[in-house]
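Sequential numbering from 1 along the given sequence is applied to the chain's residues.
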Amino acid sequence: MKERIFLSSPHMSDEGFEMQYIKEAFDTNWIAPLGENVNGFERELAEKVGSRSAAALSSGTAAIHLALKAAGVGEGDIVFCPTLTFSATANPIIYQNAVPVFIDSDFETWNMSPKALEEAFEKYPEVKAVIVVHLYGLSADMDKIMAICKNHNVAVIEDAAESLGTYYKGKHTGAFGDYGIFSFNGNKIITTSGGGMLVSNNEEHIAKVRFWATQSRDQARHYQHSELGFNYRMSNVVAGIGRGQLKVLDKRVEKKRYIFEFYKRELGELEGVEFMPSNEWNEPNYWLSSMTLTGKVRPIDIMEALEKENIESRPVWKPMHMQPFFEKYNFVGTDVAERLFENGVCLPSDTKMTDEDLERVTNTIKGLWFK
């Protein structure tokens with residue numbers, strides 16, 4: 001069996017930054033939730049993305065959940081959400097007993113279509129919040145989306161789980177809306193093994209989120225709880241990994257870009273192949289290099305050929321409005337997200353890949369055209 005090539009696996013720093021912070025946590029016996037690593041990770045991540053404050057949480061999903069709660073979303077409220085995303089974007093809407101309305105993508109960004117968003121506001125004017133996703137590290141067209149949302153006076157939550165290190169017109173994704181969320185799951189561009197972060201310029205709301213995430217424990221000698229709480233805080237050990245990983249974020253983005261450009265150079269001229277879009281205002285982190293196929297070679301052909309070579313790949317996200325759990329909810333748009341799903345494939349984008357690994361991937365794929 002040939003050595004496994006992963007889609008996107010954890011990549012600890014060569015310098016051992018993570019272990020330095022972990023050792024400090026052990027040496028000081030601060031291994032439980034909260035501690036200097038948590039405080040430092042919040043501060044350093046907020047500074048990196050250009051936000052005033054941050055709350056380190058157990059997952060990106062928890063961050064979306066508490067962002068919705070902070071935005072006042074409750075039972076029966078409508079929340080707009082892109083249909084082309086992972087279910088973790090949509091699930092917290094249900095946690096709050098709110099109602100998702102799914103919005104189509106556009107081919108220019110692979111993200112929420114401003115045109116479909118405008119149409120959705122016409123159909124559903126009483127909207128409580130809009131969740132915007134930056135899919136695969138590609139930024140949505142934030143100027144247009146923010147203008148529309150501002151015109152309707154609605155809260156904006158940016159799901160930047162896949163786009164840490166991505167810039168839109170020189171500004172970091174996750175810093176445009178009222179709230180931004182990041183994920184540090186094992187496959188993300190930097191990882192803490194798990195965990196997430198909620199950022200906002202509203203420091204009062206972030207303080208409230210920290211309160212909710214720590215079981216809503218009141219300031220009292222005894223254990224007293226006046227509000228529903230959640231066990232969502234990040235541990236000090238996990239935060240230490242995050243602090244070390246943050247130091248190598250720029251290196252990881254550079255390697256992800258190299259991988260994308262390698263694939264585009266080697267595969268971009270094949271019949272029916274088109275890579276995910278690049279725009280002059282978008283500086284992606286290229287978290288996953290993805291492409292669409294419109295010729296005789298289909299995504300399943302590529303995935304099966306790679307599987308035989310012990311190489312991991314996967315389809316583009318299946319739209320939420322096509323999912324068994326979410327299909328009962330309304331959808332606004334045409335068939336863009338559906339076509340991206342049917343024609344898309346995500347190629348291995350692991351930052352530990354060598355040129356030999358990349359050649360192994362591209363040669364396997366090319367073989368489908370030149371049998």
Side-chain angles (χ1 to χ4, degrees), residues 4-13 17-18 21-22 33 37-38 41-42 44-45 48-49 54-67 81-82 84-92 95 131 133-138 157-166 172-174 179-199 213 230-249 251-253 255-256 259 284-290 312-318 320 346-353:
R4 180 75 161 166
I5 296 177
F6 292 99
L7 186 76
S8 182
S9 67
H11 188 176
M12 296 296 102
S13 67
F17 294 133
E18 300 86 357
Y21 290 112
I22 293 171
N37 281 336
V38 173
F41 193 27
E42 289 176 341
E44 290 153 12
L45 192 285
K48 179 69 176 178
V49 303
L57 304 169
S58 58
S59 67
T61 310
I64 296 175
H65 184 193
L66 295 188
C81 175
L84 192 65
T85 187
F86 180 48
S87 64
T89 307
N91 287 337
Y95 300 166
I131 301 177
V133 174
H134 303 293
L135 198 72
Y136 301 132
L138 302 170
I157 298 166
E158 284 182 81
D159 181 349
E162 300 173 4
S163 70
L164 182 61
T166 294
H172 205 295
T173 53
Y179 306 95
I181 78 100
F182 298 95
S183 169
F184 310 112
N185 192 31
N187 63 2
K188 295 302 186 292
I189 194 162
I190 66 170
T191 181
T192 61
S193 75
M197 191 80 74
L198 177 63
V199 301
F230 305 89
N231 186 17
Y232 278 173
R233 277 301 242 160
M234 181 182 285
S235 91
N236 200 48
V237 174
V238 165
I241 301 173
R243 295 183 78 183
Q245 285 273 281
L246 197 57
K247 290 180 179 292
V248 294
L249 173 60
K251 289 183 181 179
R252 300 294 178 260
V253 174
K255 182 59 181 287
K256 293 278 191 181
I259 292 169
N285 70 359
Y286 297 106
W287 174 57
L288 290 185
S289 291
S290 305
E312 187 179 11
S313 62
R314 77 178 184 199
V316 165
W317 296 121
K318 183 177 182 179
M320 289 299 100
C346 301
L347 302 178
S349 306
D350 196 290
T351 51
K352 298 184 297 300
M353 291 174 74

Full working for salt bridge (charged side-chain N to carboxylate O under 4.0 Å, His left out) between Lys256 and Glu162: CA-CA 12 Å; Lys256 293 278 191 181; Glu162 300 173 4; over 6 Å; no
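Between Ala88 and Thr61, the closest heavy-atom pair is CB-OG1, 3.5 Å. Heavy-atom minimum distance, Leu288 versus Ser8: CD2-CB, 4.0 Å. The minimum heavy-atom distance linking Glu18 with Ser13 is given by the pair OE1-OG, 2.7 Å. The nearest pair of heavy atoms linking Glu42 to Ala55 is OE2-CA, 3.3 Å. Between Thr166 and Asn285, the closest heavy-atom pair is OG1-N, 2.9 Å. Pairing each heavy atom of Ala63 with each of Leu57, the nearest pair is CA-CD1, 3.6 Å.
Within the 3.5 Å criterion, the main-chain N or O of Phe184 finds a donor-acceptor partner in the side chain of Thr191.
Ring orientation note: the planes of His65 and Tyr232 are nearly perpendicular, at an angle over 60° on the 30°/60° scale.
Side-chain contact between Ser163 and Leu138: absent, with no pair of heavy atoms (C-beta onward) separated by less than 4.5 Å. Side-chain contact between Phe41 and Met197: present, with at least one pair of heavy atoms (C-beta onward) separated by less than 4.5 Å. Within the 4.5 Å cutoff, the side chain of Leu164 has no heavy atoms near those of the Lys188 side chain. Here the side chains of Asp159 and Phe86 are not in contact, with every heavy-atom distance at 4.5 Å or above. When side chains are defined from C-beta on, Glu312 does not count as touching Pro348, because their heavy atoms never get closer than 4.5 Å.
Considering NE2 of His172 and CZ of Phe182, their distance stands at 5.5 Å, rounded to 0.5 Å. In this structure, CG on Leu7 lies 7.0 Å from CH2 on Trp287, to the nearest 0.5 angstrom. Here the CD-CE distance, from Gln245 to Met12, works out to 3.5 Å after rounding to the nearest 0.5 Å. Atom CG of Asn187 and atom CZ of Arg314 lie 6.0 Å apart (nearest 0.5 Å). With rounding to the nearest 0.5 Å, the separation of CG in Asn37 from CZ in Arg243 is 5.0 Å. For the atom pair CE of Met320 and CG of Leu84, the computed distance is 8.5 Å after rounding to the nearest 0.5 Å.
Under the side-chain hydrogen bond (donor to acceptor under 3.5 Å, both in side chains) criterion, Thr85 pairs with Thr89, sequence neighbours left out. Under the ring pair (Phe, Tyr, Trp, His ring centres under 6.0 Å) criterion, Tyr286 pairs with Phe260, sequence neighbours left out. Scanning for side-chain contact (heavy atoms from CB on, under 4.5 Å) contacts around Ala67 gives Ile157, Tyr179, Leu198, with sequence neighbours left out.
Screening Thr351, Val253, Ile241, Leu246 for a side chain to side chain contact (heavy atoms under 4.5 Å, CB included) with Ile190, the sole residue that qualifies is Leu246.
Other residues, nucleotides and ligands contribute over 12 non-hydrogen atoms within 6.0 Å of the NZ atom of Lys352.
With ring centers used as reference points, Phe230 lies 6.0 Å or more from Tyr95.
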